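Chain naming here is simple, since letters A, B, ... match the order of the sequence lines and numbering starts at 1 in each. Predicted, not measured: the structure shown is a model, and the values here were computed from it.
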Amino acid sequence: MIRFIIRRLIGTIPTLFVVSLLIYSILQLAPGGPEQRFEQNPKITPAAIAAFKHRWGLDQPIPVQYCRWVGICNPDGEGLGVFISNSRLPNFLPGFLGGGDNGVLHGDLGYSSNTGSSVASLIGQRVLPTAILAGIALIVWVSLALLTGILAAVKPYGKLDTVITIFNYVGFSFPTFWLGLMLIVLFAANLRVLPAGGMWDARTVPIFGSPEYWKFFGGHPVNALVDLGRHLILPVITLVFVSVAGDSRFVRAAMIDSLHQDFVRTARAKGLAERKVVFRHAFRNALLPVLTNVALELPFLFGGAIATETIFSWPGMGLAYIQAVRTFDYPVLMGILIITALVVVLANLLADILYAVVDPRISYG
Amino acid sequence: MTATEAARERRTGVGDVLLDVRDLRTHFEVMDGTVKAVDGVSFSLRQGGRLALVGESGCGKSVTALSIMRLIEVPPGKFAGGEILFEGRNLLKLNDREIRKVRGGEIAMIFQEPMTSLNPVMTVGDQISEAVLLHQPVNRKGAQEVALQSLVDVGVPDPKRRLKQYPFELSGGMRQRIMIAMALSCNPKLIIADEPTTALDVTIQRQILELIKNVQERTGTALLLITHDLGVVAETVDEVAVMYAGRVVETGTVEEVLLSPRHPYTRGLLESIPSQGKKGQRLSAIKGVVPNPFRMPKGCKFEPRCPYAWQAGADEEPPLFDLGPDRMSRCWLYDPRYADHLAEYEGRAPKKSAEVAS
């Protein structure tokens, strides 16, 4: 098992390399860039812009820029020396082995061309809010999907199945942004029972993630949690409502499939109650395809439910991403994309590991 | 005493009627209409007796077995008529709780597909003891012991290790042994074996049949064997009910049915078995195909394929004519009005069928 995991982790390297190349080339083709904002400004001379580009390495050939971003090249090097770190060793090695300290390989995702702050720290701030929203939404939606999918599958084309199916199609057809706005109109603007957006009430609670916030959290945990919960309700409903449908249909299909297997008939022939037949026998076998589906949804959530976070101004990855797009902040975009790619790969690995846990037929030697 | 009498003696000595299926009708409502999969099945089985239900694919033998277990999904299935008396109780009238006690506890079933009939993600031990826990007053540990004992009973080598194995680690024959062990674990009064050897290698088939027979003799449970293989019938059971198009067309002891079939369909089946004596000859087959369930012929369902058919009762279906104790045939030949046709039928009796039973 350990060997399998190590083998798979090594296997991710080429995948991530190709992904990084793709991200880099596509963003190179896109218009704009860090220097673009100066071009409309008459007070900044072309010489100043050239100096700016030189300072940030934007005058280098694109392959060199890519290598510096990845961390294979040393930005201080010249000629072939770019591959050598300041400690006279290959630059791609980890810092403690004498490699460089720049580039994705060394945990340096560059700097926002907009704010100048480090991309890694920006992502770091955004991970927790996204994890809270996505985690809770995932738990709610997977539970609902399992429940409705199983209930629908037990009597396919029955009344309950029809009701669930209709709900699923309605949910599936709702655009996230529209549903989110309608919820805001109803619960925040008209009924005034829930906040319209944000993650905390700025009048009573310090900025989320700041040391003051954690101090406040330690002092008034109930208040802090209630405040967080109130802000979570609408975005979670939005995410769940549109996402539960697909998984519910998927669980239904997997369960119907499983319920028609011979061993389910054997289980009934033993005299087991239908509930046990469904859960102990059919469900455990239906879990495998469902697990795949859910594991592959993880990175989508991690990357931030972009529309939901934007509508509810939830300070997570999705909002950071959309802000970066709007401001042509390519370093931030690349950082988020490469991290998301990493999460996709890891989620796949997680799915493979879970297979072996759920299904004794699968083992990794 | 002839073999037939011996068998009858044995049979009557075995005990009272355990299972009495009377004019069972199991239909399925599907998109295109009603499929009358079972439409007039009657047979009875005594305590400790052995009966085979024989017929081609699609004749309704498996549906009959699943009806006895009430494993027919309702809807689309429907019990349109008849009764299944098990120790005098009509199984079709039991509620869910009651039928669950019968399933596995009093009637156990062995299925055709050992490869897929066991749950792939549960250990063999858990699957057997699951049934034991339901029907016997034992705790988890006791159930594992019962499971172990039943594996020993069916001759599974290294039974302790097998308990902890998953079905995918076992061969087809071994899995079928597990199924038999599971069926036995609760000491049922009746075991229904639905084509238990069809999916197995020929070499394993015999072992499994022997095992079922031994187990049946040792425990004294009754056996309802469902098969299309007349060779298996000859080796395993005492009585036979032949099915065609959802009906029982002939019943009798093995010797009676295999040696002197009283229905043209049974005779056709026997003639189509290859044997040494027929070497070099063209194998005879029953001409035509099984009738389309949506366009059943009126009257006798076998008439379109029957080499002996004449325009008897045309639109009327023949009843099961009583030809002696537990000996019946659903053929107009046994209507006293058509005695001359019967004489002709018997005159054309095939010579080779004797080999089948030997």
Side-chain angles (χ1 to χ4, degrees), chain A residues 146 150-162 251-252 254-292 351-365, chain B residues 62 65-66 68-76 96-124 126-136 164-169 175 178-179 182-183 185-186 188 191-192 194 199:
Chain A
L146 289 177
I150 292 172
L151 285 178
V154 168
K155 276 222 168 93
Y157 308 107
K159 273 187 198 127
L160 192 58
D161 183 25
T162 310
V251 172
R252 177 182 178 272
M255 274 303 285
I256 287 179
D257 208 42
S258 189
L259 279 166
H260 280 100
Q261 301 282 320
D262 288 346
F263 62 80
V264 169
R265 193 183 50 191
T266 308
R268 290 204 180 102
K270 281 178 199 174
L272 275 181
E274 193 59 23
R275 190 168 37 86
K276 283 184 179 161
V277 172
V278 169
F279 285 98
R280 204 186 284 170
H281 288 268
F283 179 62
R284 272 199 65 188
N285 281 276
L287 206 54
L288 205 63
V290 172
L291 210 61
T292 318
D352 280 346
I353 295 170
L354 286 178
Y355 282 176
V357 174
V358 175
D359 191 335
R361 283 169 295 186
I362 298 170
S363 70
Y364 303 115
Chain B
S62 287
L66 293 173
I68 296 169
M69 293 291 275
R70 282 265 302 275
L71 287 173
I72 299 288
E73 213 180 315
V74 181
D96 278 358
R97 266 181 79 94
E98 293 165 332
I99 194 69
R100 283 208 306 269
K101 280 200 175 143
V102 174
R103 280 182 204 150
E106 296 177 57
I107 308 179
M109 192 155 173
I110 302 165
F111 295 98
Q112 181 174 358
E113 288 291 340
M115 303 311 278
T116 53
S117 290
L118 289 167
N119 188 333
V121 301
M122 268 173 96
T123 62
V124 163
D126 284 348
Q127 295 193 52
I128 300 178
S129 51
E130 189 179 39
V132 177
L133 279 170
L134 277 174
H135 300 291
Q136 288 183 29
K164 297 208 165 50
Q165 286 188 316
Y166 290 93
F168 75 94
E169 298 172 90
R175 290 190 210 187
I178 305 290
M179 287 297 292
M182 194 189 287
S185 60
C186 298
I191 292 182
I192 302 177
D194 186 0

Inset, instruction - Report the option among A108(B), P167(B), P120(B) that has the most heavy-atom pairs separated by less than 4.5 Å from atoms of chain A. - result: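 The option with the most such pairs is P120(B).
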Which donor-acceptor pairs lie under 3.5 Å between chain A and chain B?
unit_1	atom_1	unit_2	atom_2	d
D262(A)	OD2	T116(B)	OG1	2.5
F263(A)	N	T116(B)	O	3.2
T266(A)	OG1	S117(B)	O	2.6
A269(A)	O	G104(B)	N	3.1
K270(A)	O	H135(B)	NE2	2.6
K270(A)	NZ	Q127(B)	O	2.8
K270(A)	NZ	E130(B)	OE1	2.7
R280(A)	NH1	E130(B)	OE2	2.5
H281(A)	ND1	N119(B)	ND2	2.9
H281(A)	NE2	E130(B)	OE1	2.8
H281(A)	NE2	E130(B)	OE2	3.0
R284(A)	NH1	V121(B)	O	3.4
R284(A)	NH2	V121(B)	O	3.4
N285(A)	ND2	N119(B)	OD1	2.9

Which atoms of [X] approach chain B - backbone, side chain, both or neither, heavy atom under 4.5 Å:
{"X": "V264(A)", "value": "neither"}
{"X": "L272(A)", "value": "both"}
{"X": "A273(A)", "value": "both"}

According to side-chain contact (heavy atoms from CB on, under 4.5 Å), who are the partners of [X], at least two apart in sequence or on a separate chain?
{"X": "A351(A)", "result": "A295(A)"}
{"X": "L151(A)", "result": "L147(A), L160(A), I164(A)"}
{"X": "V290(A)", "result": "L146(A), F250(A), V251(A), A254(A), V294(A)"}

Inset, instruction - Taking all non-hydrogen atoms of both residues into account, name the closest pair between P360(A) and F168(B) and its distance. - result: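 Closest pair (atom of P360(A), atom of F168(B), distance): O-CZ, 3.3 Å.
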Check each atom of [X] against the heavy atoms of chain A and say whether the ones under 4.5 Å are side chain, backbone, both or neither.
{"X": "M179(B)", "result": "side chain"}
{"X": "L66(B)", "result": "side chain"}
{"X": "L134(B)", "result": "side chain"}

